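Just so you know, these numbers come straight off a predicted model, no measurement behind them. FYI, side chains are in, hydrogens and waters are out, and symmetry mates aren't considered; it's all heavy atoms of this structure. Naming convention: chains lettered A, B, ... in sequence-line order (proteins, then strands); numbering from 1 in each chain.
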Number of protein chains: 2
Amino acid sequence: MKLSGGVEWALHCCVVLTAAAEPVPAARLAELHGVSGTYLAKQLQSLSRAGLVHSVQGKAGGYVLTRSPEEITVLEVVEAVEGPQSTFVCTEIRQRGPMATPPSACTAPCAIARTMFEADKAWRAALRQVSVADLGRMVGTDYEGDVLGQVGKWLSRPS
Amino acid sequence: MKLSGGVEWALHCCVVLTAAAEPVPAARLAELHGVSGTYLAKQLQSLSRAGLVHSVQGKAGGYVLTRSPEEITVLEVVEAVEGPQSTFVCTEIRQRGPMATPPSACTAPCAIARTMFEADKAWRAALRQVSVADLGRMVGTDYEGDVLGQVGKWLSRPS
DNA sequence: GCCTGGATACTCGGATACCCCATGTCCGAGTTCGCTTGG
DNA sequence: CCAAGCGAACTCGGACATGGGGTATCCGAGTATCCAGGC
C-alpha cells in the first residue's frame with residue numbers, strides 16, 4: 001500500500017496557496033516545487049472537483065482556495081486526490097468455499113473488515129485534526145525567517 | 001491508495017489456523033476460502049518470511065502458527081504482506097525549485113510529512129491493538145454455533 | 001514380527017508471464033487582458 | 001480624450017500514451033510417509 005505521490009504535491013500547493021493573494025497558475029506552482037506541470041495540473045483538477053480550490057480562467061487566472069485555511073483539513077485534501085473509499089475492501093470471502101457463511105448471516109461486516117475499518121477511521125481522524133492553516137503555522141516555526149511570506153512574494157513576482 | 005487483496009486472505013488464514021491442530025497445506029486453505037491456491041501460496045510465503053507461520057514440508061506438511069494467537073497482532077500480518085514501509089513517502093520537494101530550502105535546514109521531516117506520519121502511526125496503533133485471538137473471539141460471538149470449531153474439523157477431514 | 005531401504009507422493013519456495021492503475025503528456029475550449037481604431 | 005471592438009495570449013479541462021507493481025501461474029527442490037523385502 002503506497003499513497004499516491006500527488007498527495008504530497010497537493011498538500012504543498014494548498015499550503016503555499018495560503019500565502020498567495022491572487023490566483024496562481026498551475027504552471028507556476030509546478031515551477032516553484034520543481035515538478036511536472038502537466039501532472040500537477042491533474043492533481044489541482046481533483047482539488048477543484050472536490051471544491052477545495054476555485055479555478056479562474058483567463059490571462060491572470062489560476063487557483064485560489066475557496067475557504068479559509070482553518071476550514072480545510074488535511075483529510076479533505078487527501079480524499080480529494082486519493083478518493084474517499086476506504087483503504088480496505090472486503091471481498092466477502094466468508095461467503096465462498098465449502099464452509100461458506102450463508103448471506104442471511106452476513107448483514108454486518110465480518111470481524112476482519114470491522115478491525116480494518118476501525119484502523120482506517122483512526123487514520124482519517126488523525127488527518128482531520130490538522131488543518132492547512134496548522135501546516136502553515138508549523139512551517140513558520142520550523143525555519144528562521146518568514147518563509148511563507150517569501151513564497152507569497154515570489155508567486156506574485158513575474159518570472 | 002488501496003490495500004492489497006492478499007491482506008484479507010492472509011488474515012482469514014491466520015484466524016482459521018487458530019482452529020487447526022495440525023499443519024494445513026496452502027491448497028486446502030485456498031479451497032476453504034474459494035480463492036486461487038497458487039496466489040494464496042505467495043501470501044503464505046510472506047507470512048513465513050516474516051516468521052508468523054512455520055512451514056513444514058513433506059506429505060503431511062503445511063503451515064502452523066509459530067506463536068500463540070494472543071501474541072500475533074493484526075499489524076504484524078498486514079506488515080508481513082504489505083511491507084513495513086510507511087504509507088506516505090516524502091519526496092522532499094521542499095528542497096527543489098527556485099525557493100528550495102537548503103539541505104542544512106532539512107534535518108527533520110517537514111510539517112506535511114510529520115502529519116502524514118502521525119496518521120500512519122495512529123493507523124498502525126489501531127491494528128496493533130487487535131490480536132488474531134481477538135479476531136477469533138469476534139467470529140465466535142458473531143454467529144450461532146462454533147463456526148471456528150467446524151472449520152477446524154473440516155481442515156482435519158480429508159477432502 | 002521387526003527393521004531397513006527405496007520409491008512415491010505430497011509439500012513449500014522461488015522464478016516467470018500478464019494486466020490494470022498510477023504516472024506522465026498532450027491538445028482543444030473558454031476567458032480575460034491589452035491594443036487599435038473610430039468618434 | 002473616451003469607448004467599443006477585435007485579436008492574442010494565457011488559463012483550465014478532459015482525452016490520450018506509457019511503465020511499474022500487484023495479480024496470477026508454473027515448475028523445481030526437498031522431505032515425511034508408505035510399502036516391500038529381508039532378517
Residues R137(B) and D142(B) bridged, charged N to O under 4.0 Å: no
Between R49(A) and dG14(D), is there a side-chain N or O to OP1/OP2 distance below 4.0 Å? yes
Nucleotide dC10(D), atom C1' - distance to OH of Y63(A) in whole Å: 13 Å
Just by modelled atom types, is the V130(B) backbone N or O under 3.5 Å from a matching donor or acceptor in the T73(B) side chain? no
Rounded to whole angstroms, how far apart are CD on E22(B) and P on dC10(C)? 16 Å
Nucleotide-resolved protein contact map, nucleotides 16-36 of chain D, B/S/- at heavy-atom distance under 4.0 Å: -------BBBB---BBSS---
For A26(A), report the nucleic acid contact type (base, sugar-phosphate, nothing); a contact means any heavy atom under 4.0 Å. sugar-phosphate
Mind calculating the distance between CG (L155(B)) and C1' (dT11(C)) to the nearest angstrom? 16 Å
Proximal nucleotide (of dT11(D), dC12(C), dG13(D)) relative to the S48(A) side chain: dG13(D)
Partners meeting ring pair (Phe, Tyr, Trp, His ring centres under 6.0 Å) with Y143(A) (sequence neighbours left out): none
Between dC12(D) (P) and L44(A) (CG): distance, integer Å: 8 Å
Interatomic distance where CD belongs to Q45(B) and P belongs to dG13(C) [whole Å]: 6 Å
Between R94(A) (side chain only) and T101(A) (backbone N and O only), is there a donor and an acceptor less than 3.5 Å apart? no
Can you tell me which residue pairs pass the ring-ring contact (aromatic ring centres under 6.0 Å, His included) test with a partner in residues 35-84 of chain A, sequence neighbours excluded? W9(A)-Y39(A)
Within the distance-only criterion (no hydrogens, no angle test), does the side chain of E82(A) pair as donor or acceptor with the backbone N or O of S4(A) below 3.5 angstrom? yes
